[in-house]
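Starting from 1, each residue takes its place in the sequence as its number.
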Amino acid sequence: MRSDMMKKGRERAGHRSLLRALGLSGEEIDRPIIGIAGSANELVPGHIHLDRVNDAACAGVRMAGGTPLVFNTIAVCDGIAMGHPGMRYSLPSREIISYTVEIMVRAHALDGVVLVPNCDKVVPGMLMAAARMDVPAAMVSGGPMMAGRIQGRKSDLIQVMEASASGEVSDEELARLEECACPGAGCCSGLFTANSMNCLSEALGMALPGNGTIPAIDAARTRIATATGAAAVRLAKAETAPAAILTERAFHNALAVDMAIGGSTNSLLHLPAIAHEVGISLDLEVVDRICAATPNLCRIAPSGGSRHHMEDLYRAGGVPAVLGELDSIGAVDLDVPTVTGKTLAQNIAGARSLDTEVIRPATDPYSTSGGLAVLKGTLAPDGAVLKEAAIGEKMRRHRGPARVFDSEEDAIEVIRGGGINNGDVVLIRYEGPRGGPGMREMLLPTATIAGMGLDDEVLLVTDGRFSGGTRGGAVGHVSPEAAAGGPISLVAEGDMVEINVEERRLDLLVEDQELERRRRKWSPPEGEEGSGLLAVYSRIVGSAAGGAVVDVRNIRPD
């Protein structure tokens, strides 16, 4: 066992003495030692209950003959961090979480690890660590929040945010909605980034069936955590490391599920970053190819004004049912290993949609191509990302004048002030991984636009990113970003910008000569990030087109 290096032999008496100080017996020390990498805290609704998940995972480890030891990492609630400078820390937290797990597992020579995340950056951060360390690992999340209910109708966080921007909702109505939209523990009830990534962990083979959709409050969440703890011990005893599971085929399956469920655009930052850790390139060309070949089967809130939430996807059969439908048309390869010790095909045997209103049959999809789209063109030579399942018909092909803003705050002020007209293209730049720094989510501008009834009239384009809760004409991840001198840095007020979703184009309609003239005058803005984490991050983070990966090869002296 890996832990033998710190607990076996006469010369390790001091190490064993310290383990005994934890209250461990000699028998417990002799067993496989499994870390429980938790992320419980009292700041994040998605993590407020994770101590219970940790406890259940510990029980599973003990049942299988291992010794569990719990440690916790950080977590950011993107909803609470939204719309102010705190959001700059969200994406960088992914790397900190990853390194925290790596430090604890490697420093203590653990035999395996159970990953217990829930919210947006914690899931990919922990999976990145597992891939990098190549120590046996299995993941179980905390599960989704139930949808809120008001006057017999479902509600959620996005409804609150959009209502707050609407002049038609009174303060009293808003207060009632605010009180009931987020009813308790779990990650937000729609198919936002956290739920998207938790679903994709099943398709990757790193989590047990049901991980993505079992509600946080359901007793089945405790049972799956217990089973995951036991699975981690089996993986450790067999020395089955994540590299055996995180294969190219596994990532392609995850992308196919992402397209089928219409997941968050942020998955196109996180999946490439996880793949990077095992030496697999998951570029936007691969994404676009899989998107074009995969039907969109689900419209989960906030997509398309859907009334369905994660609890409905669970009731309809969850990710296993989605995989079953995709398998029926040959859109996935299920002969791949998973943390259960069985193949993905064996894990989901016989699974199909139990409610065709929630999970459409693969032969009768919402659309024949996936829920996300990769756009390229003169405004985004390296690519940009759109949640196609959430865009209205009017915005699928649109040409309009650019309204240019160099920060999210500047854009929000003008939007709220009524300064945006039908047909405008709101362009927010210097919000990319490097330029933000931190690539803030733009949920507040999109929610404000939607709340004002402009989501079918106004296109928003940014080198930042969007929440999984975003709907409407919202294009993010424009690459190269403005801080790197991409074409988005050269856009002037009133320039015409054109989107054509069918042709996968995003273009700046300005002559090359004029752009070259502007480029000669352009210089990158001075950063204001000081000397802390964001200053370091801005110098070592890569392009959003490659997953905003932090790598020493990205280091810039400036």
Side-chain angles (χ1 to χ4, degrees), residues 2-3 6 22 33-44 46-48 50-51 53-54 57-58 61 68-78 80-81 86-142 187 193-194 197-198 201 206-207 225 228-229 232 236 241-242 246 266 269-270 273-274 276-278 433 437-439 532-538 540-541 547-552 554:
R2 293 170 188 266
S3 61
M6 62 87 178
L22 299 175
I33 298 180
I34 308 297
I36 309 297
S39 50
N41 66 59
E42 296 183 355
L43 272 170
V44 182
H47 292 238
I48 190 69
L50 288 191
D51 280 343
V53 182
N54 288 349
C58 287
V61 169
L69 296 174
V70 178
F71 63 90
N72 279 323
T73 184
I74 61 171
V76 171
C77 177
D78 281 17
I80 295 174
M87 179 50 75
R88 298 192 192 283
Y89 288 88
S90 176
L91 187 58
S93 78
R94 183 186 74 179
E95 317 307 315
I96 302 301
I97 291 160
S98 172
Y99 293 137
T100 300
V101 174
E102 177 188 351
I103 288 167
M104 293 298 286
V105 172
R106 286 290 196 196
H108 300 99
L110 303 181
D111 296 303
V113 61
V114 178
L115 309 171
V116 188
N118 212 25
C119 288
D120 297 28
K121 310 307 170 298
V122 194
V123 181
M126 287 189 173
L127 288 174
M128 288 164 65
R132 184 187 315 126
M133 296 183 302
D134 215 26
V135 171
M139 192 190 109
V140 58
S141 72
C187 46
T193 305
M197 291 306 301
N198 283 324
S201 67
M206 290 297 293
T228 304
L246 293 173
N266 283 316
L269 285 175
H270 301 323
I274 300 165
H276 173 80
E277 298 292 351
V278 287
M439 201 179 186
L533 169 66
L534 297 181
V536 175
Y537 184 79
S538 69
I540 60 176
V541 67
V549 170
V550 165
D551 193 303
V552 293
N554 295 329

* To do: Please determine which of M128, R132, M206 meets the side chain to side chain contact (heavy atoms under 4.5 Å, CB included) test together with I274.
  => M128
* Asked: Any ion pair linking K121 and D78 (charged N to carboxylate O, less than 4.0 Å)?
  -> yes
Closest non-hydrogen atom pair, [X] against [Y]:
| X | Y | value |
| --- | --- | --- |
| G112 | V135 | CA-CG1, 3.8 Å |
| A130 | P242 | O-CG, 3.5 Å |
| A225 | V140 | CA-CG2, 3.8 Å |
| V53 | G142 | CG2-CA, 4.4 Å |
| A273 | V549 | CA-CG2, 3.8 Å |
| C119 | V44 | SG-CG1, 3.7 Å |

May I ask you to decide if [Y]'s main-chain N or O and [X]'s side chain share a donor-acceptor pair within less than 3.5 Å?
| X | Y | answer |
| --- | --- | --- |
| N72 | S39 | yes |
| S90 | M87 | no |
| N54 | V70 | no |
| D111 | R2 | yes |

Supply the atom-to-atom distance [X] [atom1] to [Y] [atom2], rounded to the nearest 0.5 angstrom.
| X | Y | atom1 | atom2 | answer |
| --- | --- | --- | --- | --- |
| E102 | E95 | CD | CD | 11.5 Å |
| L50 | I36 | CG | CD1 | 12.5 Å |
| M197 | M126 | CE | CE | 13.0 Å |
| L115 | T228 | CG | OG1 | 10.0 Å |
| L110 | F71 | CG | CZ | 6.5 Å |
| Y89 | I74 | OH | CD1 | 11.5 Å |

Any side-chain heavy-atom pair from [X] and [Y] closer than 4.5 angstrom?
| X | Y | value |
| --- | --- | --- |
| N198 | M139 | yes |
| V122 | H47 | yes |
| L269 | M439 | yes |
| M104 | T73 | no |

* Derivation of the side-chain contact (heavy atoms from CB on, under 4.5 Å) call for I96 and Y537 -> CA-CA 10 Å; I96 302 301; Y537 184 79; over 6 Å; no
* Could you walk me through whether I103 and T100 pass the side-chain contact (heavy atoms from CB on, under 4.5 Å) test, one step at a time? => CA-CA 5 Å; I103 288 167; T100 300; 5.6 Å; no
* H270-D120 side chain donor-acceptor pair, cut-off 3.5 Å -> no
* Asked: What residues form a side-chain contact (heavy atoms from CB on, under 4.5 Å) with M6, not counting sequence neighbours?
  -> S3, H15, L19, I33, A109
* To do: Report the C-alpha distance between L69 and I34 in whole Å, list the side-chain angles of each, state the deciding distance to 0.1 Å, and finish with yes or no for side-chain contact (heavy atoms from CB on, under 4.5 Å).
  => CA-CA 6 Å; L69 296 174; I34 308 297; over 6 Å; no
* To do: Show the numbers, then the answer: is there a side-chain contact (heavy atoms from CB on, under 4.5 Å) between M133 and V101?
  => CA-CA 9 Å; M133 296 183 302; V101 174; 4.2 Å; yes
